[in-house]
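Note sheet for the following structure.
Residue numbers begin at 1 in each chain, while the letters A, B, ... track the order of the sequences. Side-chain atoms are counted along with the backbone in the values below, which use heavy atoms only and exclude waters and symmetry mates.
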There are 2 protein chains.
Amino acid sequence: MPVTQKQIAQKLNVSVMTVSKALKGHPDISAKMRERVEKTAAEMNYTVNVQARNLAQKRTQTIGVVFPDISEPFYAEILRGIESVCRKQYYNILLADSDNDPRLEEKALQTLTEKRVDGLIIAPTEKDQEYIAWLSRLTIPYILINCYSARLACDSIYVDRGYGAFLSVTHLLKKGCQEVYFFYTFPHMEQSQASIQGCIKAFEELKKPRSHLHLIECPQRDLELFYLMTKEQLHFTGRKIGLFIWDDEMAIGCCRAIHELHLSIPDQVAIIGFDDIKITPYLHPALTTIHYPKVEMGQSSAQRLIHRLTHPDDESVQKTALSLQLVEREST
Amino acid sequence: MPVTQKQIAQKLNVSVMTVSKALKGHPDISAKMRERVEKTAAEMNYTVNVQARNLAQKRTQTIGVVFPDISEPFYAEILRGIESVCRKQYYNILLADSDNDPRLEEKALQTLTEKRVDGLIIAPTEKDQEYIAWLSRLTIPYILINCYSARLACDSIYVDRGYGAFLSVTHLLKKGCQEVYFFYTFPHMEQSQASIQGCIKAFEELKKPRSHLHLIECPQRDLELFYLMTKEQLHFTGRKIGLFIWDDEMAIGCCRAIHELHLSIPDQVAIIGFDDIKITPYLHPALTTIHYPKVEMGQSSAQRLIHRLTHPDDESVQKTALSLQLVEREST
DNA sequence: CTGGTTAAAGTTAACGTTAAAGTAAAGAGG
DNA sequence: CCTCTTTACTTTAACGTTAACTTTAACCAG
């Protein structure tokens, strides 16, 4: 069993309060006494019991982060952004993985609430009515990231995926692609629908026939699935093909399929991803992609949340869109 | 402020204890009363304060996990293994990232200790004398993974990287490579030294001249660095080159360099990675690698730790080596 | 030497929950 | 009808820490 302040106090024949005050450098305590306490605490291998402290102080100095899948390099980079801000402001992070499952996400939110985190940063998996109702039941400040919903009146930080799609498809068309395929997933998310609209808008602005835009819905975000769907759906007829893929990781699977179909990148097939994860410049061919400001998104969300925590009276709702940029590499 | 049992009790005009017992289905409480309490709790949006409960129960039902870098797909897969076991046994996970920095690792251990996790699973960054001393000060059960040290008398689960290196280099030599390069990092780790010995052993067994084995030490585990080092160190003289790279992710950087040097894989350069992360089959060319039992490592460590927690009297020390396997793909 | 200030402790109660022991009323057995 | 058990709840105390208040003794100006 871990050592407590009480045990230190008994050993030194002082009160528990003296120990508590000494350990946090309270001016009530004389230098001599403080040193004695510190020395004994070190000898006895004392560490505070954060849970007891939190209970007494009625705050945890911790924020909860809920991601669909931490193992995606994409979320890992957002997390770095959050972490760097939290570290400076002495906040701890409690991370929960929803595994892309709305039910697990609710459970994660439940768990974090029970641990009494001071606030939440959530990258939601889904946003149906029920989920929104659940969110509104939260009594602590929270911020949604990587998600946009007009229906939700809460702080959120997102990118305009529709605009990203527009950029991508415009780029593909300008590169001479005559058939454009958009491989997407999460069909129920507003962002997916916005992406589709972005693709269509690009076709309209460049006055290309809509029939050359192929929208391919992948039921799951899975490497093998994107690989198989590409192999199945792609038909090369001599007309240059443009591929816009939901994200960079899935694009790796699609590239594989293109190679196995013996099509050349970027001559016969141009391909563009989304996110700009770290390995994209090293892939063969290096992947053209839409740069997603991941670290910035993490930092902004943490800053905003901490602001909310330290200014509970500020009730304004802030929706921030971060900007996207096309990064041209070898695959287009 | 969150609702407490006290507030529920007041509303129902019963004692706090009745509420507490009712909420956990204690047989002392009548069905009627339990339903009333449950209903009111739901209405008032009550959630337990886990910290208070942990304090009272003197255990957290939580294990701490310390990884050098969660964003590596490698650790993400180990984590999945840990998670699946913990979920079944009703343990929570508290994750900490040491960012490959021994000082941050100590801090992470400190934080987890303060949060009073019941036990720890640690993938250590470094293992100098000071670190070992620090570990021995821990008063809770812990398990080291992905690390082997003869000097440490504690539970550990690891793979024999030396044997992996032996497998790899033997494979490269049998594929006709005449010059073999081993790109490695973390030179102070016992595993790195073991790998070097494994390479040498392969050369000896196949009676190849040691001078054709090139050991390249990369000061950091970084994609750009491995890419640059490959470009700088590789000299193709017509003799087939074999590359054995510290891990799959770094191998992606090396592949990039090989392409830029206009060398063909696997004809002029064969390359083999380590870990078998998810994307390797989809890379172009698909990467030959050593399969690392990541999920199994996670599961075993969690099982072992939970065993230690539930059988505090069992003082045996268990060192488990998991087996490695070569997965041949297109790059060799 | 008095009254007031200050330094350096100590006391009390609280945070939200639970374990353990206690109690009152109802039901059972002889 | 009296004891004995059982049911259903209540009381008390504890977990480890801290906030807020109180005490004690020393110090110092007038």
Test side-chain contact (heavy atoms from CB on, under 4.5 Å) on A/Tyr46 and A/Gln7; report intermediate values, then the result.
CA-CA 10 Å; A/Tyr46 170 82; A/Gln7 295 174 38; over 6 Å; no
Assess the residue pair B/Tyr148 and B/Asn146 against the criterion (side-chain contact (heavy atoms from CB on, under 4.5 Å)); give the C-alpha distance rounded to whole Å, side-chain angles, the decisive distance to 0.1 Å, and a yes or no.
CA-CA 7 Å; B/Tyr148 176 78; B/Asn146 189 25; over 6 Å; no
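The side chain to side chain contact (heavy atoms under 4.5 Å, CB included) test applied to B/Asn92 returns A/Thr111, A/Lys115, B/Thr62, not counting sequence neighbours. The ring pair (Phe, Tyr, Trp, His ring centres under 6.0 Å) search around A/His26 returns none, not counting sequence neighbours. By the salt bridge (Lys or Arg N to Asp or Glu O under 4.0 Å) test, B/Glu296 pairs with no residue at all, sequence neighbours left out. Residues satisfying the side chain to side chain contact (heavy atoms under 4.5 Å, CB included) test with B/Arg103, not counting sequence neighbours, are B/Asp101. Qualifying salt bridge (Lys or Arg N to Asp or Glu O under 4.0 Å) partners for B/Glu77, counting only residues two or more places apart in sequence or in other chains: none. Remark: B/Arg80 pairs with A/Asp69, A/Asp99 by the salt bridge (Lys or Arg N to Asp or Glu O under 4.0 Å) rule, at least two apart or across chains. Among residues two or more places apart in sequence or in another chain, the salt bridge (Lys or Arg N to Asp or Glu O under 4.0 Å) test is passed with A/Glu114 by none.
A rotation axis mapping the C1' atoms of four pairs onto the next four is fitted at both ends of the helix from C/dC1-D/dG30 to C/dG30-D/dC1 over five pairs, and the angle between these axes is 50° to 10 degrees.
Computed from coordinates, the A/Lys32 NZ to C/dA7 P distance equals 17 Å when rounded to whole Å. For the pair B/Arg116 CZ and C/dT17 P, the interatomic distance rounds to 21 Å; values are reported in whole Å. Atom CD of A/Gln10 is separated from atom P of D/dT17 by 13 Å (rounded to the nearest Å). A/Leu12 places its CG atom 17 Å from the P atom of C/dA8, with the value rounded to the nearest Å. One can place CZ of A/Arg59 at 18 Å from C1' of C/dG16, the figure rounded to the nearest angstrom. Regarding B/Ile29, its CD1 atom lies at a distance of 13 Å from the P atom of C/dT18, rounded to whole Å. The distance from atom NE2 of A/His26 to atom P of D/dA20 is 10 Å, rounded to the nearest whole Å. Put simply, CG on B/Asn13 is 13 Å from C1' on D/dT10, counting in whole angstrom units.
Regarding contacts with the backbone of C/dA8, every side-chain N or O of A/Ser30 stays at 4.0 angstrom or more from both OP1 and OP2. Under 4.0 angstrom from either OP1 or OP2 of C/dT17 there lies no side-chain N or O belonging to B/Lys6. Between B/Ser20 and C/dT18, a side-chain N or O to OP1/OP2 separation shorter than 4.0 Å is present.
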Could you list all N or O pairs between the protein and nucleotides 22-25 of chain C that sit under 3.5 Å apart?
none

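Counted by atom type alone, A/Gln318 and A/Arg304 present one or more donor-acceptor pairs between their side chains at under 3.5 Å. Looking at B/Thr60 and B/Asp118, their side chains do bring a donor and an acceptor atom within 3.5 Å of each other.
Listed for the B/Gln51 side chain is no donor-acceptor partner under 3.5 Å among the backbone atoms of A/Asn54. Without hydrogens or angle criteria, A/Ser84 side chain to A/Gly81 main chain gives a donor-acceptor distance under 3.5 Å.
Here salt bridge (Lys or Arg N to Asp or Glu O under 4.0 Å) pairs that include residues 2-25 of chain A, with residues two or more places apart or in two chains, are A/Lys21-A/Asp28.
Counting non-hydrogen atoms under 4.0 angstrom, B/Thr18 reaches a base of the nucleic acid. Note on A/Ser15: a base of the nucleic acid sits closer than 4.0 angstrom, heavy atoms only.
The stretch residues 49-58 of chain A touches DNA chain C through A/Leu55, A/Ala56, A/Lys58, each having a heavy atom within less than 4.0 Å of the strand. The stretch residues 33-40 of chain B comes close to DNA chain D through B/Met33, each having a heavy atom under 4.0 Å from the strand.
Checking D/dT18, C/dT18, C/dG16 against the side-chain heavy atoms of B/Gln5 singles out C/dT18 as nearest.
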